[in-house]
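What follows is a short report on a single structure.
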Protein chains: 2
Amino acid sequence: MGRRRTVSAGEPLIWEDDDSLLVANVIEGVLKLTTSTADGREQIVGVAYPSDFIGRPFGQTSAASVVALTDARVCVFARNDFDRFAREHPELEHKLLERTLAELDRTRAWMMLLGRKSAPEKIATFLLDMSERLADNGCVHQPGAQSGPARQFTLPFSRQQVADLLGLTIETVSRQFTKLKADGVVALPGRRDVEILNRGALMALAG
Amino acid sequence: MGRRRTVSAGEPLIWEDDDSLLVANVIEGVLKLTTSTADGREQIVGVAYPSDFIGRPFGQTSAASVVALTDARVCVFARNDFDRFAREHPELEHKLLERTLAELDRTRAWMMLLGRKSAPEKIATFLLDMSERLADNGCVHQPGAQSGPARQFTLPFSRQQVADLLGLTIETVSRQFTKLKADGVVALPGRRDVEILNRGALMALAG
DNA sequence: CGAACCCTTGAATCCTTTCAAATGGTGTGG
DNA sequence: CCACACCATTTGAAAGGATTCAAGGGTTCG
């Protein structure tokens, strides 16, 4: 019933305010969910990792655009078909409900960050969050036994995308990264590579 | 199975990070969902109106506190009982799923506001949002036939709560209200009363 | 090798916050 | 019924943090 599809980095899968025609499961890769204002400001409102569900079932339009951050593979379904199928399979709806509730919790925690945290706090919170999210998905560069938070990882985001996630400008993000490096809290081996040198300091900064 | 309960204005119903012991339906009144930082900053992450569902089913802890903004009546259920009951009634789970998806959409739209909008834009967006939300709930002071957005209404929030909703300080909120009044966009008959004089201007300001 | 792009850095500006004080409305008690 | 105290809100001035505008590296890819 579902159709496999690849989406290359930067390519859109769903457009904001479009008719909600399809839903999908992420098999591999990372995608961003965004909303935009008329004048082009963008806010990333969610990030989808492997096994995450994307799209808007039971609704006419989707409230966010979905764009691949990395090359990705997804399993897409026509929304109509999915809706019908879901209503006939309570187990599936229950799974979806649990996921949606968890996503809502995450989203609300992010609202705290957007509304009340300073730039340094946002960056620190972001790095700790990535360190945990990426550890669960084999995106980590450090093949370790247990899957605690990753000490070293590669961000699936450009600086601009980090800014769009945190509600900052690219310049502020860059400056905060530079400061954390200068203070010896993190190392930045590559543009998108992060190594946490002092997790305690980062947690203290996260507010 | 559910027990009716009244919650007076300012009284908490659920504590952040507490074990999720109960869920509830709002019968009457308005409640806020909040998260806080260790140092006391607060962010309102949701507002529950009559017929809204609150609490965290299928989870061990609730991510937000719930506090009544006005005197309220709710119908509470033990989470355990509710979880069991829901799993046996797919129709209920479906309803809950639809509501949760809608709430997630609203929450994501609010992230745009928190992350990317200026203070004037936040206030304008807020007033338009209230004008629509309150119209649906008989909270309106203007007994009209059709239920379009309300022209006049009473906020269920203090200035500080508006600030906590928009990610601003109370002083900034006050100044923006004053400016809107001075510009003739709104009238402020009472502390919590708003009358929209120029909806078009408000929409232009909302960004 | 050059061009394009992304990221970093610098300086000035602006918006929001912070700190402080005044105002106004409310409720109480004399 | 009026005086007073209390609390929310408003207003002012100063400070600060993030943005804006501008320029300068550094990578990557044709």
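Proteins come first, then strands; the chains are lettered A, B, ... in the order of their sequence lines, and each starts at number 1.
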State which of dT17(C), dT19(D), dT10(D) makes the closest approach to the side chain of Thr172(B).
dT17(C)
What residue among Thr34(B), Thr35(B), Asp164(B) forms side-chain contact (heavy atoms from CB on, under 4.5 Å) with Val45(B)?
Thr35(B)
Using whole Å, report how far CG of Leu166(B) lies from C1' of dC15(C).
16 Å
Which residue lies toward the 5' end of DNA chain D, Arg159(B) or Val173(A), if each is placed at its nearest nucleotide?
Arg159(B)
By the 4.0 Å heavy-atom rule, please label Thr178(A) as base, sugar-phosphate, or nothing.
sugar-phosphate
Measure from CZ on Phe177(B) to C1' on dA8(D) and round the result to the nearest Å.
14 Å
Evaluation steps, salt bridge (Lys or Arg N to Asp or Glu O under 4.0 Å), between Arg116(B) and Glu42(A)
CA-CA 7 Å; Arg116(B) 289 299 186 202; Glu42(A) 182 169 315; over 6 Å; no
Gap between atoms NZ and P, on Lys122(B) and dC15(C) respectively (whole Å)
15 Å
Going through the distances and angles, do Asp193(A) and Thr154(A) end up as a side chain to side chain donor-acceptor pair (under 3.5 Å)?
CA-CA 4 Å; Asp193(A) 298 322; Thr154(A) 297; 2.7 Å; yes
Picking from dC7(C), dG25(C), dA18(D), which would you name as closest to the side chain of Arg191(B)?
dG25(C)
Send over the distance from Ile123(B) CD1 to dC15(C) P, rounded to a whole Å.
16 Å
Does Gln160(B) make a side-chain donor-acceptor contact with the base of dC7(D), cut-off 3.5 Å?
no
Distance in Å, Leu113(B) CG paired with Thr125(B) OG1, rounded so as to fall on 0.5 Å steps
5.5 Å
Looking across every strand, which nucleic acid part, if any, lies under 4.0 Å from Gly190(B) by heavy atom: base, sugar-phosphate, or nothing?
nothing
Taking for Glu171(A) and for Pro120(A) the nucleotide of DNA chain D with the nearest heavy atom, the one nearer the 5' end belongs to Pro120(A)
Whole angstroms only, please: what is the CG-P distance between Asp193(B) and dG25(C)?
13 Å
What is the distance, to the nearest angstrom, from the CZ atom on Arg116(A) to the C1' atom on dG17(D)?
16 Å
Per Leu168(B) side chain, nearest of listed nucleotides dT10(D), dT16(C), dC7(C):
dT16(C)
Whole-Å gap separating C1' (dG25(C)) and CZ (Arg192(B)):
14 Å
Establish whether the base of dG17(D) is bridged to the side chain of Arg175(A) by a donor-acceptor pair shorter than 3.5 Å.
no
Do Phe58(A) and Phe82(A) make the cut of ring centroids closer than 6.0 angstrom?
no
If you check the Ile170(B) side chain, which of dT17(C), dA18(D), dT10(D) turns out closest?
dT10(D)
Please give, in whole Å, the distance from dT19(D) P to Lys117(B) NZ?
17 Å
